[in-house]
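Below is one structure; the comments refer to it alone.
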Amino acid sequence: MFARLLRAGIKTGHIALIDHQGRRQDIGSGTPSVTLRMHDAALSWQLGVNPWLKVGEAYMDGRLTVEAGTLYDFIDIAMRNTNALLGVKTQKLLDVLNYTLRWLHQHNPVGAAQQHVAHHYDLSRKLFEQFLDESMQYSCAYFPHPDATLAEAQQAKMRHIASKLLLQPGQRLLDIGCGWGGLGIYLAKTAGVQVTGVTLSKEQHEIACARVKAAGLEGQVEFKLQDYRLEPGRFDRIVSVGMFEHVGLKHFPEFFAKVEELLVPGGVALLHAIGRRDGPGHTNAWLRKYIFPGGYSPALSEALPVVERTGLWVTDIEILRLHYAETIRHWRANFARNRDAIARLYDERFCRMWEFYLVGSELSFRYDHNMVFQMQLARGINAVPITRDYMFDWERAEAARPKAQIIWDNGQDAE
């Protein structure tokens with residue numbers, strides 16, 4: 001069944017498929033080219049019926065192995081042929097079913113949202129240290145030139161975001177989904193703002209608080225282990241990077257209503273999130289089960305109508321296309337370089353799971369409709385200038401300014 005699916009859907013690239021009895025079938029032609037081996041009889045129909053879940057599971061478990069070529073080559077072929085594979089009748093039906101159930105899959109009320117976050121972000125801090133840059137930025141970097149290092153690109157991302165917030169010393173800023181605190185600390189150091197950050201990850205919160213102390217920013221930066229929906233304060237600025245993907249479609253009205261409630265009149269917010277250029281869809285079944293339960297990357301056509309029902313102005317939208325593909329390329333290289341250490345933290349199955357996740361994620365930004373959007377929102381028509389020059393002027397001036405060193409303490413002493 002898997003071979004029949006591949007024959008119907010593979011239009012570009014070559015796959016040699018070897019079954020559990022050693023019989024080989026060649027499907028497609030050209031490059032990339034890869035040889036796969038299935039190690040048990042049941043695998044053929046499992047992969048043929050639900051490849052979007054079962055291919056990843058089989059690779060994790062070692063029941064499907066790559067004997068020639070690489071995992072990257074295999075997923076590259078799959079991504080290049082996604083539309084043709086989805087055109088196969090059985091896959092059309094599966095796609096409709098997943099789309100119908102997406103509201104259930106994205107159920108993230110207070111409480112459940114923290115459990116979903118913990119599944120991924122409360123993994124050992126030592127894991128993330130193996131592949132992220134020193135500032136522990138776990139979101140799309142911004143590459144001002146192709147030769148930028150990962151650390152330089154993440155610094156440029158923070159600078160790019162700051163340029164859209166019109167920051168002034170003493171302003172109160174809320175960071176929704178503050179991660180390990182890197183952005184909040186950067187904004188406090190760079191612009192002199194008062195930062196409050198909220199996260200649902202205990203690991204992230206612990207490290208973020210240790211970093212505040214190491215940076216000498218106690219009294220200026222505070223990070224809370226708290227759902228953003230429970231925040232009672234009012235803020236001049238709000239930023240959210242890489243968190244909106246965990247909100248869920250049914251909770252969009254709740255999110256944007258809370259942003260409006262938390263912003264003072266004349267306030268400005270910046271939302272940085274993964275989106276999809278091809279319209280509404282659903283989260284890949286394997287990614288939803290093993291990596292980001294409750295997660296969904298929306299189309300702008302799903303987010304903008306919700307904003308329109310609030311009192312917020314959309315004052316700027318920027319689409320970042322290949323920046324995330326390049327970011328994950330760096331993460332993959334770091335992960336591969338430190339794979340032995342990661343295997344000691346977890347096990348071989350975990351390493352295969354994360355390799356599948358990183359490769360699939362990178363290629364989804366190269367071929368499969370994913371992008372990142374930055375949406376600037378304002379509470380008031382006059383909250384930002386009527387031209388965009390202020391963004392470029394601030395960003396270039398900040399890039400040219402000598403930098404004070406930020407001490408990135410990862411909180412190891414807190415263990």
Side-chain angles (χ1 to χ4, degrees), residues 121 128-129 131-167 173-191 193 195 197 199 204 207-208 211 215 221 237-246 268-275 297 316-334 358 361-362 364-366 370-377 388 390-401 403-406 408 410:
Y121 295 97
F128 294 101
E129 289 168 356
F131 69 92
L132 299 180
D133 71 297
E134 63 179 9
S135 69
M136 297 284 281
Q137 293 289 297
Y138 191 30
S139 57
C140 177
Y142 184 76
F143 289 82
H145 55 83
D147 297 328
T149 67
L150 179 60
E152 289 169 343
Q154 291 292 9
Q155 181 88 357
K157 184 266 300 291
M158 293 188 286
R159 185 167 61 240
H160 195 61
I161 288 171
S163 74
K164 301 181 180 187
L165 285 168
L166 291 147
L167 299 171
L173 179 141
L174 175 66
D175 185 351
I176 299 177
C178 62
W180 291 276
L183 178 62
I185 290 171
Y186 172 84
L187 296 176
K189 282 274 193 179
T190 301
V193 293
V195 175
T199 178
Q204 289 184 337
I207 294 173
R211 287 175 145 193
V221 180
R237 300 291 184 264
I238 295 175
V239 67
S240 182
V241 177
M243 175 272 179
F244 191 60
E245 302 91 317
H246 301 282
V268 178
L270 193 283
L271 177 63
H272 169 118
I274 299 171
S297 301
D316 190 81
I317 295 177
E318 181 179 6
I319 304 300
L320 306 181
R321 289 162 287 113
L322 291 169
H323 290 270
Y324 218 156
E326 290 303 304
T327 303
I328 301 172
R329 180 176 65 83
H330 283 275
W331 291 348
R332 281 199 310 110
N334 292 343
L358 291 172
S361 296
E362 177 187 335
S364 73
F365 285 94
R366 295 200 187 278
N370 277 0
M371 51 79 168
V372 170
F373 64 84
Q374 291 186 347
M375 183 188 301
Q376 186 191 58
L377 302 165
R388 304 177 79 242
Y390 68 93
M391 298 181 191
F392 309 125
D393 292 344
W394 190 94
E395 188 170 7
R396 289 166 182 159
E398 179 60 23
R401 188 170 67 87
K403 305 298 184 299
Q405 182 180 7
I406 297 177
W408 297 115
N410 63 11

key: Side-chain heavy atoms of Leu187 within contact of Asp175, under 4.5 Å   = no
request  = Could you tell me which non-hydrogen atom of Ala215 sits nearest to which non-hydrogen atom of Ile185, and how far apart they are?
outcome  = CB-CG2, 4.3 Å
ask   = Would you say the side-chain atoms of Gln154 and Ser135 include a donor-acceptor pair closer than 3.5 Å?
value = no
task = With sequence neighbours left out, write down each residue that passes salt bridge (charged side-chain N to carboxylate O under 4.0 Å, His left out) with Asp393, or none if nothing qualifies.
result = none
key: Heavy-atom side-chain proximity of Leu166 to Trp394 below 4.5 angstrom   = no
request  = Among His323, Met158, Arg159, His272, find the one that has a side chain to side chain contact (heavy atoms under 4.5 Å, CB included) with Tyr142.
outcome  = His323
message = Give me the atom names and distance for the closest heavy-atom approach of Leu165 to Ala269.
response = CD2-C, 4.3 Å
ask   = What closest approach, in Å, do Val221 and Gly184 show between heavy atoms, and which atom pair accounts for it?
value = CG2-O, 4.5 Å
message = Checking the side chain of Asp133 only, and the main-chain atoms of Ala151 only, is there a donor and an acceptor separated by less than 3.5 Å?
response = no
inquiry  = I'd like to know if the side chain of Ser364 reaches the main chain of Asn370, judged simply by a donor and an acceptor atom lying under 3.5 Å from each other, with no hydrogens or angles considered.
reply    = no
Check: Leu150 and Asn334 side chains under 4.5 Å, non-hydrogen atoms = yes
remark   = Contacts of Phe365 meeting ring pair (Phe, Tyr, Trp, His ring centres under 6.0 Å) (sequence neighbours excluded), chain-then-number -> Tyr324
key: Non-hydrogen side-chain atoms of Arg366 and Ile328 separated by less than 4.5 Å   = no
ask   = Backbone N or O of Trp180 within a donor-acceptor pair of the Arg211 side chain at under 3.5 Å?
value = yes
note = side chain to side chain contact (heavy atoms under 4.5 Å, CB included) with Glu318: of Met375, Gln376, Lys164, only one passes, and it is Lys164
key: Check: Asp316 and Arg388 side chains under 4.5 Å, non-hydrogen atoms   = yes
inquiry  = Can you confirm whether or not the ring centre of Phe143 sits under 6.0 Å from the ring centre of His330?
reply    = yes
query = Where the side chain of Lys157 meets the backbone of Cys140, is there a donor-acceptor pair that is under 3.5 Å apart?
reply = yes
message = For Leu322 and Arg329: C-alpha separation, side-chain torsions, deciding distance, then whether side chain to side chain contact (heavy atoms under 4.5 Å, CB included) applies.
response = CA-CA 11 Å; Leu322 291 169; Arg329 180 176 65 83; over 6 Å; no
query = If we only count heavy atoms from C-beta on, is the Glu398 to His160 side-chain gap below 4.5 Å?
reply = no
ask   = Do Glu326 and Arg321 sit within salt-bridge range, that is, some charged N less than 4.0 Å from a carboxylate O?
value = no
